Trainee: 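Here it is, the structure, as structure tokens.
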Amino acid sequence: MRHALAILALVVSATAAAQEKVTEHTVRLAADATPPKASVADMAWLAGRWTGDGLGGRTEEVWSAPDGGVMLGTFRLIRNDKPVFYEFLTLSESERGLVMRLKHFHPDLTGWEERDKFVEFRYAGTIDGVIHFDGLTFRREGEDAMTIFLALRQKSGEMREEKFQMRRQGAQR
């Protein structure tokens with residue numbers, strides 16, 4: 001038992017050493033670090049419809065169950081009863097490890113990123129049940145609540161953290 005605890009402590013400390021702090025609750029995988037092993041199945045709990053607050057408005061995130069090694073998601077921000085923007089997301093396994101990719105869209109569905117570009121969050125590890133991607137953290141709070149922390153770069157170049165309080169709506173899938 002003592003040996004198993006020592007190995008667990010070593011694995012957790014090695015994962016933590018491969019991470020660099022970005023904001024209070026977010027990290028990024030060190031540039032030279034190998035991503036920790038994880039699969040889309042590890043994120044299956046995310047499937048369903050989540051609503052909450054963030055970015056000064058109402059937010060909604062909907063995730064499909066894993067299928068074919070991928071989870072699909074959508075996000076929308078509503079402020080003053082009008083859509084501000086949408087996102088289309090994928091969560092998949094790649095040669096670079098577990099990654100979340102997304103594209104932003106204006107309310108008229110014109111894209112923010114260039115045609116072949118997207119935003120990517122690499123999996124950086126899970127410590128004490130908190131799931132870290134580069135600049136994006138998921139903290140589960142029971143079966144039907146979570147807090148998401150997102151690191152956002154300001155025009156000044158400084159990073160700030162945005163917090164999303166989310167609750168699952170309807171039956172868990």
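Just so you know, these numbers come straight off a predicted model, no measurement behind them. Note that these values count all heavy atoms, side chains included, but never hydrogens, waters or copies made by symmetry.
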Trainee: Hydrophobic clustering (ILVMFWY, side-chain heavy atoms < 4.5 Å, transitive) - are Phe88 and Val70 grouped together?
Mentor: yes

Trainee: Rounded to the nearest 0.5 Å, what's the gap from CD on Glu87 to CD on Glu61? Could you check?
Mentor: 7.5 Å

Trainee: Is there a side-chain contact between Met159 and Thr26 in this structure, where contact means two heavy atoms from C-beta onward sitting under 4.5 Å apart?
Mentor: no

Trainee: Count I, L, V, M, F, W, Y as connected when their side-chain heavy atoms are under 4.5 Å apart, and connections chain through other members. Are Val99 and Tyr123 then in the same cluster?
Mentor: no

Trainee: Check the pair Glu158 / Arg160 against salt bridge (charged side-chain N to carboxylate O under 4.0 Å, His left out), numbers first and verdict last.
Mentor: CA-CA 7 Å; Glu158 291 184 40; Arg160 80 169 176 86; over 6 Å; no

Trainee: Which heavy atom of Gly69 sits nearest a heavy atom of Val40, and at what distance?
Mentor: O-CG2, 3.2 Å

Trainee: Could you tell me whether the side chain of Thr126 and the main chain of Gly129 form a donor-acceptor pair under 3.5 Å?
Mentor: no

Trainee: Do the side chains of Leu77 and Phe164 get nearer than 4.5 Å, heavy atoms only?
Mentor: no

Trainee: Using side-chain heavy atoms (C-beta onward) and a distance below 4.5 Å, is Lys163 in contact with Asp53?
Mentor: no

Trainee: Between Gln19 (side chain) and Ala124 (backbone), is there a donor-acceptor pair under 3.5 Å?
Mentor: yes

Trainee: For residues Arg58 and Glu60, determine if any side-chain heavy atom of one lies less than 4.5 Å from a side-chain heavy atom of the other.
Mentor: no

Trainee: Measuring from Ile131:CD1 to Thr137:OG1, what's the distance to the nearest 0.5 Å?
Mentor: 9.5 Å

Trainee: For His104, does its backbone N or O pair with a side-chain atom of Glu113 as donor and acceptor, under 3.5 Å?
Mentor: yes

Trainee: Carefully, step by step, assess Lys103 and Trp112 under the rule side chain to side chain contact (heavy atoms under 4.5 Å, CB included).
Mentor: CA-CA 7 Å; Lys103 281 191 168 269; Trp112 291 13; over 6 Å; no

Trainee: Against Phe138, only a single residue in Thr147, Val130, Ile148 fulfils side-chain contact (heavy atoms from CB on, under 4.5 Å); can you say which?
Mentor: Ile148

Trainee: Are Thr59 and Phe75 packed together at the side-chain level, in the sense that at least one heavy-atom pair is separated by less than 4.5 angstrom?
Mentor: yes

Trainee: Please step through salt bridge (charged side-chain N to carboxylate O under 4.0 Å, His left out) for the pair Glu143 and Arg140, ending with a clear verdict.
Mentor: CA-CA 7 Å; Glu143 290 297 313; Arg140 289 180 72 179; 3.5 Å; yes

Trainee: Provide the closest heavy-atom pair for Arg79 versus Gly57 in the form atom of the first, atom of the second, distance.
Mentor: CG-CA, 4.2 Å

Trainee: For the hydrophobic clusters of this structure (ILVMFWY residues joined by side-chain heavy atoms under 4.5 Å, transitively), does one cluster hold both Val119 and Leu152?
Mentor: yes

Trainee: Taking the side chain as every heavy atom from C-beta outward, state whether Pro66 and Met43 have any pair of such atoms under 4.5 Å apart.
Mentor: no

Trainee: Under a 3.5 Å distance rule, please check whether Asp144 uses its side chain to pair with a backbone N or O of Arg168 as donor and acceptor.
Mentor: no

Trainee: Under the side chain to side chain contact (heavy atoms under 4.5 Å, CB included) rule, what do Phe133 and Leu91 come out as? Steps first, then yes or no, please.
Mentor: CA-CA 11 Å; Phe133 289 82; Leu91 185 56; 3.9 Å; yes

Trainee: To the nearest 0.5 Å, what is the distance between CZ on Arg122 and CZ on Arg101?
Mentor: 11.5 Å

Trainee: Answer whether the closest heavy-atom distance between the side chains of Leu98 and Pro36 falls below 4.5 Å.
Mentor: no

Trainee: Are Phe149 and Leu55 connected in the hydrophobic side-chain network, where two residues link if heavy atoms are under 4.5 Å apart?
Mentor: no

Trainee: Could you walk me through whether Glu141 and Met146 satisfy the side chain to side chain contact (heavy atoms under 4.5 Å, CB included) test, starting with their C-alpha distance in whole Å, then the side-chain angles of each, then the deciding distance to 0.1 Å, before giving a yes or no?
Mentor: CA-CA 5 Å; Glu141 295 156 358; Met146 70 173 159; 5.5 Å; no

Trainee: Just do the side chain to side chain contact (heavy atoms under 4.5 Å, CB included) check on Leu150 and Phe121 with the steps written out, would you?
Mentor: CA-CA 11 Å; Leu150 174 64; Phe121 299 94; 4.0 Å; yes

Trainee: Would you say the side chain of Leu136 lies within less than 4.5 Å of the side chain of Leu102, judging by non-hydrogen atoms?
Mentor: no

Trainee: Do Glu161 and His25 have side-chain atoms, one donor and one acceptor, less than 3.5 Å apart?
Mentor: yes

Trainee: Could you report the tightest heavy-atom contact between Pro107 and Pro83, atom names first, then the distance?
Mentor: CG-O, 3.2 Å

Trainee: Cluster question for you: counting only ILVMFWY and a side-chain heavy-atom cut-off of under 4.5 Å, with indirect links fine, are Tyr86 and Met71 together?
Mentor: no

Trainee: Check for a donor-acceptor pair, side chain of Ser64 on one end and backbone N or O of Leu72 on the other, with a separation under 3.5 Å.
Mentor: yes

